[in-house]
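Below is one structure, written out as structure tokens, with a few remarks after it.
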Amino acid sequence: MLMPPLATALPPDARRPVCAGWRAALLLMATAAAAASNTAWAQVFTKSATPWPEIPQPPRSQVQWVSADMQVNGIPVKVQSFSSAASLEEVVAHYEAHWDQLDPTTIPEIRGRKKGVMVSRPNVDTAIIGKFHGPFYMTVKVKRAGLGTSTGALSTSFMEGKKPVLEVRDVPHPSGAKPVSVVESADAGHLSKTVIFVSDEAAPQIEFFYSRGLVSSGWTLMDKYGSDRLENGNAGYVLMLRKGQEQLDVVVAQVPEQRRSTFRVNWVHGGQDAK
């Protein structure tokens, strides 16, 4: 599944802080395989009596689904990616104009939340446009691309009555590890959960938990590569394990110049009985 810039899928007050150490694990992650969302698959996370709003496409763009049924830190989210022949500035102006036309008297805003369009510029090449629409928060993240074009993501999250929750009980992990991000999706007949953990234990100890500890409890180690000392001087591993309809893909990395580690676990279940 394509991984979107998920930190921007939620409004600022609903995001959880992410430890900077997870970036070390990203350096080891294999490229995620793209999977088209199967809308015939029963909605697990985004089922709602309130119709989800549609974010209009950016001008002169191509849009594809990343997932029509996912959850980020316990918040239901739908995400699309796009590429546009329009510039970053054109895309920002497009949404500012479109969303300013929404009549606030016809949209029940949640008490205490801002009306109108919110635009932030983390840097000169990136813009994040946000808008509350009833119980939903709509976000467009756009990045400058070559030759005056742009790329980005469209996301809608259902916020009413929701608080960020990091639920990881069904994902095998060492007892002392702490989750900092949880992404769940239901696509193409599979349920999956991707969790980024941080741990005070060193990378070799995390690797031992998966390659030895889980194997002794019925998991099969399908593949493993890595080293206690990579070219950068730190330990790093990639493992794949299976048990029945479940699969784990694990990427472990040592935080540079520290004993602690950060690791990503992608858990996939192939049947509907997982939920």
Side-chain angles (χ1 to χ4, degrees), residues 1-7 9 16 18-19 21-38 41 44-45 65-77 79 81 153 155 165-175 177-199 201 203 206-215 217-226 235-254 261-275:
M1 190 181 85
L2 290 171
M3 297 303 295
L6 294 171
R16 291 290 295 264
V18 176
C19 174
W22 72 273
R23 291 178 177 84
L26 290 179
L27 296 177
L28 291 172
M29 289 182 186
T31 302
S37 175
N38 183 358
W41 170 253
V44 175
F45 306 111
W65 280 103
V66 173
S67 178
D69 191 24
M70 68 190 306
Q71 191 164 254
V72 180
N73 294 348
I75 307 296
V77 179
V79 181
S81 63
S155 62
V165 175
L166 303 181
E167 176 55 65
V168 296
R169 285 179 296 179
D170 49 1
V171 178
H173 62 279
S175 58
K178 297 179 181 180
V180 295
S181 175
V182 180
V183 178
E184 303 168 84
S185 65
D187 293 315
H190 294 77
L191 293 175
S192 69
K193 182 178 289 190
T194 300
V195 185
I196 295 175
F197 292 95
V198 294
S199 174
E201 294 184 312
I206 303 299
E207 183 275 334
F208 184 89
F209 170 85
Y210 287 101
S211 66
R212 303 289 183 86
L214 285 192
V215 169
S217 64
W219 287 81
T220 299
L221 182 63
M222 306 299 297
D223 198 7
K224 170 190 156 183
Y225 59 91
Y237 311 92
V238 177
L239 307 93
M240 184 178 75
L241 302 99
R242 285 183 184 167
K243 182 180 180 182
Q245 289 186 301
E246 297 177 85
Q247 178 172 316
L248 289 178
D249 295 289
V250 184
V251 179
V252 188
Q254 193 76 33
S261 59
T262 179
F263 59 102
R264 185 201 69 174
V265 180
N266 184 48
W267 171 86
V268 179
H269 195 292
Q272 298 190 38
D273 57 329
K275 189 72 178 177

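Heavy atoms only, all atoms of each residue included: Met70 and Phe45 are closest at O-CB, 3.6 Å. Considering all non-hydrogen atoms of both residues, Val252 and Val250 come closest at CG2-CG1, 3.7 Å. In this structure, Val44 and Leu191 approach most closely via the heavy-atom pair CG2-CD2, 4.0 Å. Considering every non-hydrogen atom in both Pro179 and Val168, the closest pair reads CB-CG1, 3.9 Å.
Annotation: salt bridge (charged side-chain N to carboxylate O under 4.0 Å, His left out) contacts of Arg212 (sequence neighbours excluded): none. Residues passing the side chain to side chain contact (heavy atoms under 4.5 Å, CB included) test with Glu207 are Ser211, Lys224, Tyr237, Leu239, sequence neighbours excluded. Partners of Ser175 under the side chain to side chain contact (heavy atoms under 4.5 Å, CB included) rule, at least two apart in sequence or in another chain, do not exist in this structure. Here Val268 pairs with His190, Ser192, Asn266 under the side chain to side chain contact (heavy atoms under 4.5 Å, CB included) rule; sequence neighbours left out. The side chain to side chain contact (heavy atoms under 4.5 Å, CB included) test applied to Glu201 returns Pro174, Ser199, Gln205, Ile206, not counting sequence neighbours.
Although no hydrogens or angles enter the test, the distance criterion places a donor-acceptor pair under 3.5 Å between the side chain of Gln254 and the main chain of Ala203. The closest donor-acceptor contact from the side chain of Asn73 to the backbone of Ser181 lies at 3.5 Å or more, if one exists at all. Although no hydrogens or angles enter the test, the distance criterion places no donor-acceptor pair under 3.5 Å between the side chain of Thr194 and the main chain of Val265. In this structure, Glu167 contributes its side chain and Arg169 its backbone to a donor-acceptor pair below 3.5 Å.
The CG atom of Asp249 lies 8.5 Å from the CZ atom of Arg242; values are rounded to the nearest 0.5 Å. The CD atom of Glu184 sits 4.0 Å away from the NZ atom of Lys193 when rounded to the nearest 0.5 Å.
Heavy atoms from other residues, nucleotides or ligands lying under 6.0 Å from NZ of Lys178 number 12 at most.
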With side-chain contact (heavy atoms from CB on, under 4.5 Å) as the criterion, how do Val195 and His173 come out once you've worked through the C-alpha distance, each side chain's angles and the decisive distance to 0.1 Å? CA-CA 10 Å; Val195 185; His173 62 279; over 6 Å; no

What verdict does the side-chain contact (heavy atoms from CB on, under 4.5 Å) test give for Ser155 and Val79, after you've listed the backbone C-alpha separation in whole Å, the side-chain angles of each residue and the deciding distance to 0.1 Å? CA-CA 4 Å; Ser155 62; Val79 181; 4.0 Å; yes

Start with the C-alpha gap between Leu214 and Leu248, add the side-chain angles, then the distance that decides, and say whether side-chain contact (heavy atoms from CB on, under 4.5 Å) holds. CA-CA 11 Å; Leu214 285 192; Leu248 289 178; 3.6 Å; yes

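Classification of the Phe263-Tyr210 ring pair by plane angle, with boundaries at 30° and 60°, yields perpendicular.
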